Amino acid sequence: MNIFRLVADLLHLASIFILLLKIQQTKSCAGVSLKTQALYFVVFVTRYLDLFTHFYSVYNSLMKLFFIASSAYIVYLMWKPYRPTYSASTDTFRAEFLIVGAALLGLAFPDSWHILDILWSFSIYLEAVAILPQLFQMTRTGEAETITSHYVFALGAYRALYLMNWIYRYYTEGYMDVIAWVAGAVQTILYADFFYIYLTRVMRGRLFSLP
Amino acid sequence: STVSPTHDEL
């Protein structure tokens with residue numbers, strides 16, 4: 001564990017609390033992509049099957065359980081109690097393409113041919129693009145509530161810190177994970193545009209609106 | 001094969 005990875009994981013945790021806070025405070029999930037949230041649930045379930053096969057640390061296991069449980073809970077909130085506030089008409093990104101694409105990539109370039117490694121690779125590829133329905137929805141509506149922007153920013157910052165974690169681990173441990181690196185780099189690049197708009201608008205206290 | 005022990009990241 002290093003400072004980049006620890007802060008990244010904590011930002012990932014924070015992003016989930018920000019999202020839950022937004023839904024609870026505004027009593028609405030307007031502007032939140034159910035597709036992105038459902039994709040994250042699929043990502044966590046398919047990646048963390050090693051909960052049953054490997055024990056790394058209490059921290060690692062607790063975080064995995066939290067990510068699975070919280071993503072299931074968010075999908076439930078959007079699907080049931082907050083369904084009337086869900087902006088389905090703007091959440092129109094074709095998420096099935098992302099799942100099929102990630103599945104094909106997972107089969108073409110798996111970490112190994114063990115079923116858990118294929119699912120792990122699939123989840124890595126899927127996580128890289130899972131934010132796209134959310135970014136697409138924000139582009140369609142042209143703006144987002146500030147708190148939703150904070151959520152996406154925390155997620156993007158978590159990914160950016162993972163890049164620094166990998167550079168650090170490469171030099172200190174010789175750690176290499178090409179699949180995670182490439183997918184992680186792609187994932188971070190997807191946030192580039194968003195970062196710029198966030199920093200120039202939200203940080204100056206203005207509404208998050210796209211040009 | 002088994003799951004690579006390097007998959008220690010979240």
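Predicted model, so just to flag it, every value in this text is computed and none were measured. Just so we're on the same page: letters track the sequence lines, and every chain starts at 1.
- Only the side chain of A:Tyr59 comes within less than 4.5 Å of a heavy atom of chain B; its backbone N, CA, C and O stay farther away.
- Summarising the geometry, atom OH belonging to A:Tyr56 is positioned 10.5 Å from atom CG belonging to B:Leu10; distances are rounded to the nearest 0.5 Å.
- When heavy atoms are compared at a cutoff of 4.5 Å, A:Asp9 approaches chain B solely by way of its side chain, counted from C-beta outward.
- The pair B:Glu9-A:Arg47 does not meet the salt-bridge criterion, since no charged nitrogen lies less than 4.0 angstrom from a carboxylate oxygen.
- Contact count against chain B (heavy-atom pairs under 4.5 Å) is highest for A:Arg5 among A:His12, A:Lys64, A:Arg5, A:Glu173.
- Around the OH atom of A:Tyr168, the shell of radius 6.0 Å holds no more than 12 heavy atoms that belong to other residues, nucleotides or ligands.
- Counting heavy-atom neighbours within 6.0 Å of A:Phe109 CZ, excluding the residue itself, gives a total of 12 or less.
- Enclosure of atom CG in A:Asp193 is not indicated, since only 12 or fewer non-hydrogen atoms of other residues, nucleotides or ligands lie within 6.0 angstrom.
- By the 6.0 Å contact criterion, OH on A:Tyr171 is open, its count of non-hydrogen atoms from other residues, nucleotides or ligands being 12 or less.
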Practice task
Could you check B:His7 against A:Asp111 for side chain to side chain donor-acceptor pair (under 3.5 Å), going step by step and ending with a plain yes or no?
Solution key: CA-CA 10 Å; B:His7 291 171; A:Asp111 195 53; 3.0 Å; yes

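- Within a 6.0 Å radius of CE in A:Met164, other residues, nucleotides and ligands contribute 12 heavy atoms or fewer.
- Only the side chain of A:Tyr162 comes within less than 4.5 Å of a heavy atom of chain B; its backbone N, CA, C and O stay farther away.
- No more than 12 heavy atoms of other residues, nucleotides or ligands lie within 6.0 Å of CZ in A:Arg94, so this atom counts as exposed by the packing criterion.
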